[in-house]
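What follows is a single structure, written as structure tokens, with notes after it.
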Amino acid sequence: MSVPGALVRSSHPEPALAVTLVAMLLATTWDASPGTALLIGVAALTGQLTVGWTNDLVDLDRDRRAGRQDKPIATGELRPGVVLAAVTVAVVATVVASLALGVLPGTLHLALVAGGWAYNLGLKRTVLSWLPYAACFGGLPVVVSLASRDEPGPWWTVAAGALLGTGAHLVNAVPDLEDDRLTGVRGLPHRLGARRSIDVATALLLIGTVVTVVVPVRGLDPVAVVALVAAGALALAGRTSSGRGPFRAAIGIALVDVVALLLRT
């Protein structure tokens with residue numbers, strides 16, 4: 001595998017691309033100009049890259065002890081110095097793209113990225129492991145709305161984002177619970193256990209969908225019905241799948257919610 005390919009795998013590409021897509025769809029929903037939507041995408045992507053790469057750098061020793069073959073740095077396929085250089089470039093790009101959106105949305109976005117770093121640097125090992133996810137997913141719509149239309153956006157987008165983020169955290173951690181326990185990680189999913197984590201995540205994701213598609217119109221319309229059915233099907237698929245299946249279902253639910261918003265504009 002080439003260095004660029006290993007860097008991509010080490011960046012946690014699925015959540016990075018999902019967050020970027022959600023951010024750009026929200027920007028489209030709120031009538032951002034093409035230039036602003038592009039800047040939002042660049043800021044979101046580069047910010048997520050810094051979080052993904054620092055996660056693997058911080059976890060290097062733990063991943064080696066756990067024998068993680070899916071981590072290019074831990075297997076020696078990728079040198080830590082190369083990843084550190086990539087992080088440096090991505091941090092500069094994140095700062096530039098974020099502040100180009102405006103001082104307020106840019107500063108808020110950088111605070112959300114810092115929350116992701118805080119998770120990597122210690123919060124993931126505590127009962128508050130869910131907090132950075134809730135804050136980042138809940139804060140992302142505010143960043144996009146401020147950058148797109150100079151207002152923070154409706155309260156329910158923050159609530160829905162926090163619910164979706166917490167649910168995504170729970171299902172994302174499930175495949176790694178045993179490896180994490182062996183290396184001393186005791187976040188909220190580890191305390192709940194695999195089955196309860198998936199159960200709680202399913203409930204949070206579905207509540208987040210209800211908030212997103214029902215609250216704005218104070219009831220049901222055809223878009224809400226289709227979104228609820230799609231989210232329910234994805235939740236069921238995630239609950240009955242293994243590996244990264246539940247996390248992919250959670251990302252799918254988030255995209256369903258955003259598309260529902262887009263269809264109503």
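The figures here come from the full heavy-atom set of this structure, side chains too, leaving out hydrogens, waters and symmetry mates.
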Any side-chain heavy-atom pair of V87 and V91 under 4.5 Å: yes
Matching residue for H169 among F137, Y133, W130 - test: ring-ring contact (aromatic ring centres under 6.0 Å, His included): Y133
R68 side chain near D176 side chain, heavy-atom distance below 4.5 Å: yes
Transitive ILVMFWY side-chain link L131 to L163, under 4.5 Å: yes
Heavy-atom check, side chain of L170 versus side chain of I198, under 4.5 Å: no
Flag if over 12 foreign heavy atoms under 6.0 Å of CZ, R79: no
Validation row: S197, V171 side chains within 4.5 angstrom (heavy atoms): no
Common cluster, L188/L204, ILVMFWY with side-chain heavy-atom separation under 4.5 Å: yes
Steps toward side-chain contact (heavy atoms from CB on, under 4.5 Å) verdict (V215, W155): CA-CA 10 Å; V215 171; W155 66 266; 4.0 Å; yes
Side chains of L255 and L25 in contact at under 4.5 Å (non-hydrogen atoms): yes
Minimal non-hydrogen separation, L7 against W53, with atom names: O-NE1, 2.9 Å
Backbone of L104 reached by a side-chain donor or acceptor of T107 within 3.5 Å: no
Qualifying residues under salt bridge (Lys or Arg N to Asp or Glu O under 4.0 Å), relative to D56, sequence neighbours excluded: K71
Contact summary for L110 and S98, nearest pair of heavy atoms: CD2-OG, 3.8 Å
Any residue meeting salt bridge (Lys or Arg N to Asp or Glu O under 4.0 Å) with D257, in chain and number order, not counting sequence neighbours: none
Residue list, side chain to side chain donor-acceptor pair (under 3.5 Å) with S145, at least two apart or on another chain: R149
Taking every non-hydrogen atom, the tightest pair across A43 and L101: CB-CD1, 4.4 Å
Check: D59 and V185 side chains under 4.5 Å, non-hydrogen atoms: no
Criterion side-chain contact (heavy atoms from CB on, under 4.5 Å) on S148 and I40, from CA distance to verdict: CA-CA 9 Å; S148 301; I40 288 171; 3.9 Å; yes
Where T20 and G41 come nearest, the two heavy atoms and their spacing: CG2-O, 3.5 Å
Residues L261, V213; criterion side-chain contact (heavy atoms from CB on, under 4.5 Å); working and verdict: CA-CA 7 Å; L261 289 178; V213 302; over 6 Å; no
Nearest heavy atoms of T54 and N120, plus distance in Å: OG1-ND2, 2.8 Å
Donor-acceptor pair, side chain of R191 and main chain of R186, under 3.5 angstrom: yes
N55 side chain reached by K124 side chain, heavy atoms, under 4.5 Å: yes
V143, V95, L99 screened by side chain to side chain contact (heavy atoms under 4.5 Å, CB included) with H109, the one that passes: V143
F247 reachable from I207 in the ILVMFWY side-chain graph, under 4.5 Å edges: yes
Hphob cluster co-occupancy, V256 + V210, side-chain heavy atoms under 4.5 angstrom: no
Shortest non-hydrogen contact between G208 and A160, atoms and distance: O-CB, 3.7 Å
Derivation and outcome, side-chain contact (heavy atoms from CB on, under 4.5 Å), residues L234 and L205: CA-CA 10 Å; L234 285 166; L205 292 166; over 6 Å; no
Flag side-chain contact, heavy atom, 4.5 Å: R239 against D199: yes
Hydrophobic cluster identity match, L57 and L60, side-chain contacts under 4.5 Å: yes
